[in-house]
Amino acid sequence: MAAAQGHSSDHSDGTDGTGETGREPVPAAFRRAVDALRSARLRPELEIDPTRPPQRLAPFAYALEAAVVAGDEDLADGRLVLLHDPAGHEAWQGNFRLVTLVRAELEPEMAADPLLPEVCWSWLTGALEARGLGYGEASGTVTQAGSHYFGGLADRRPASQIEIRASWTPREGLGGAPDTASHLAAWCDLLCQIAGLPPAGQGGAESGAGTTSGAGVVSLPQRRGPQQV
């Protein structure tokens, strides 16, 4: 399993967000949080790639994107962004914030389940709680979308997609940095779950951070691969 990699930003040119900027030094807590993300060990079904972080949401940001891959098929994909404001943020109720987008394409009969949005949201909170992670101010949306094809595209099967957009404030530990490696592992649990994979402790590889989750999980069946984030 490869360690996670990603891009970070401190809103200045010519830096990766891990050193001096010429304007202000990168906070030590942010350094530790980013280092933990970079060193996290993830399931082999996950492919982690760098992505450009947002530029205006916080003074410091670090971003990862991932896809769950089986053979040549992408079963789910998503993006995870770590934000940091050393001065604190009233809406976050903390100095750090994790922001995510996760999506997967479903079989139409699964998308017709009226409880699916509530179940998908519970997967996010359940993944965090299963690893014993403290967090607050969780918010987000679960969106279902469907496509039907006509005319020259009428031979295509209807397509349905589920999308989770969410953010939460991770509890900060000693030195002011949250346990970002375990939060990343929990996020990967969510990504694999929405992709229809069994929990890491049930035929999958365990992550190197946190405690393997998945007890009582009901996975969705395998679905067609989504477009890339």
Side-chain angles (χ1 to χ4, degrees), residues 6 43 45-49 51-58 61-70 73-83 89 91-93 97-130 133 135-150 153 156-170 183-199 213-214 216-229:
R43 290 178 59 159
E45 300 94 338
L46 284 158
E47 293 186 356
I48 302 290
D49 293 309
T51 189
R52 183 174 178 81
Q55 299 296 303
R56 295 180 176 86
L57 296 181
Y62 182 85
L64 292 166
E65 65 181 5
V68 180
V69 180
E73 185 178 25
D74 286 2
L75 302 180
D77 57 27
R79 178 185 291 121
L80 183 68
V81 179
L82 174 69
L83 304 176
H89 196 293
W92 302 352
Q93 295 295 301
R97 189 76 170 170
L98 285 161
V99 182
T100 186
L101 163 67
V102 172
R103 62 187 181 186
E105 195 165 332
L106 308 174
E107 295 297 334
E109 58 271 19
M110 291 301 303
D113 185 345
L115 296 179
L116 185 61
E118 287 81 0
V119 170
C120 288
W121 182 257
S122 73
W123 286 351
L124 170 61
T125 58
L128 295 170
E129 292 163 4
L133 295 171
Y135 68 95
E137 306 302 317
S139 62
T141 62
V142 178
T143 304
Q144 293 175 255
S147 299
H148 296 263
Y149 301 95
F150 301 93
L153 302 177
R156 294 188 183 183
R157 296 180 58 190
S160 298
Q161 189 178 76
I162 192 78
E163 178 182 275
I164 303 173
R165 293 180 180 267
S167 62
W168 65 95
T169 299
H183 279 272
L184 174 60
W187 179 73
C188 290
D189 291 341
L190 168 67
L191 195 61
C192 289
Q193 191 165 4
I194 201 171
L197 298 185
S213 63
V217 166
V218 178
S219 299
L220 295 176
Q222 183 171 318
R223 72 277 298 160
R224 296 178 294 275
Q227 296 179 352
Q228 294 296 316
V229 171

Item to check | Smallest separation among heavy atoms of W121 and G140, with atom names | outcome: CH2-N, 3.6 Å
Item to check | Q55 (side chain) donor-acceptor with P53 (main chain) under 3.5 angstrom | outcome: yes
Item to check | C188 and R43, any side-chain heavy atoms less than 4.5 Å apart | outcome: no
Checklist outcome for this item: Taken to the nearest 0.5 Å, the spacing of W168 CH2 from H183 NE2 works out to 8.0 Å
Checklist entry - Mind checking whether C192 and L46 have side chains closer than 4.5 Å, heavy atoms only? => result yes
Checklist entry - What's the shortest heavy-atom distance between V68 and A195, and which atoms? => result CG1-CB, 3.8 Å
Next on the checklist: Is the shortest side-chain heavy-atom distance between W187 and L98 below 4.5 Å?
Outcome noted: no
Next on the checklist: Could you report the tightest heavy-atom contact between A61 and P54, atom names first, then the distance?
Outcome noted: CB-O, 3.9 Å
Checklist entry - For the atom pair CG (D74) and CD (E47), what is the distance rounded to the nearest 0.5 Å? => result 7.0 Å
Next on the checklist: Which heavy atom of T169 sits nearest to which heavy atom of Q93, and what is that distance?
Outcome noted: CG2-O, 4.1 Å
Item to check | Full working for side chain to side chain contact (heavy atoms under 4.5 Å, CB included) between L83 and W92 | outcome: CA-CA 10 Å; L83 304 176; W92 302 352; 3.7 Å; yes
Checklist entry - Does R165 reach the side chain of T143, with side-chain heavy atoms less than 4.5 Å apart? => result no
Item to check | Heavy-atom check, side chain of V142 versus side chain of L124, under 4.5 Å | outcome: no
Item to check | Beyond-backbone contact of D189 with W123, side-chain heavy atoms, under 4.5 angstrom | outcome: no
Checklist entry - What is the minimum heavy-atom distance between P117 and Q144, and which atoms define it? => result CG-OE1, 3.1 Å
Checklist entry - About how many Å separate CD1 of I48 and CG of L80, when rounded to the nearest 0.5 Å? => result 9.0 Å
Next on the checklist: Rounded at 0.5 Å granularity, tell me how far CZ in R103 sits from CG in D77.
Outcome noted: 5.0 Å
Checklist entry - Between C120 and I162, which heavy-atom pair has the shortest distance, and what is it? => result SG-CG1, 3.9 Å
Checklist entry - What distance do L57 atom CG and R97 atom CZ have between them, rounded to the nearest 0.5 Å? => result 11.5 Å
Checklist entry - Can you find a pair of side-chain heavy atoms, one from L101 and one from E163, that are under 4.5 Å apart? => result yes
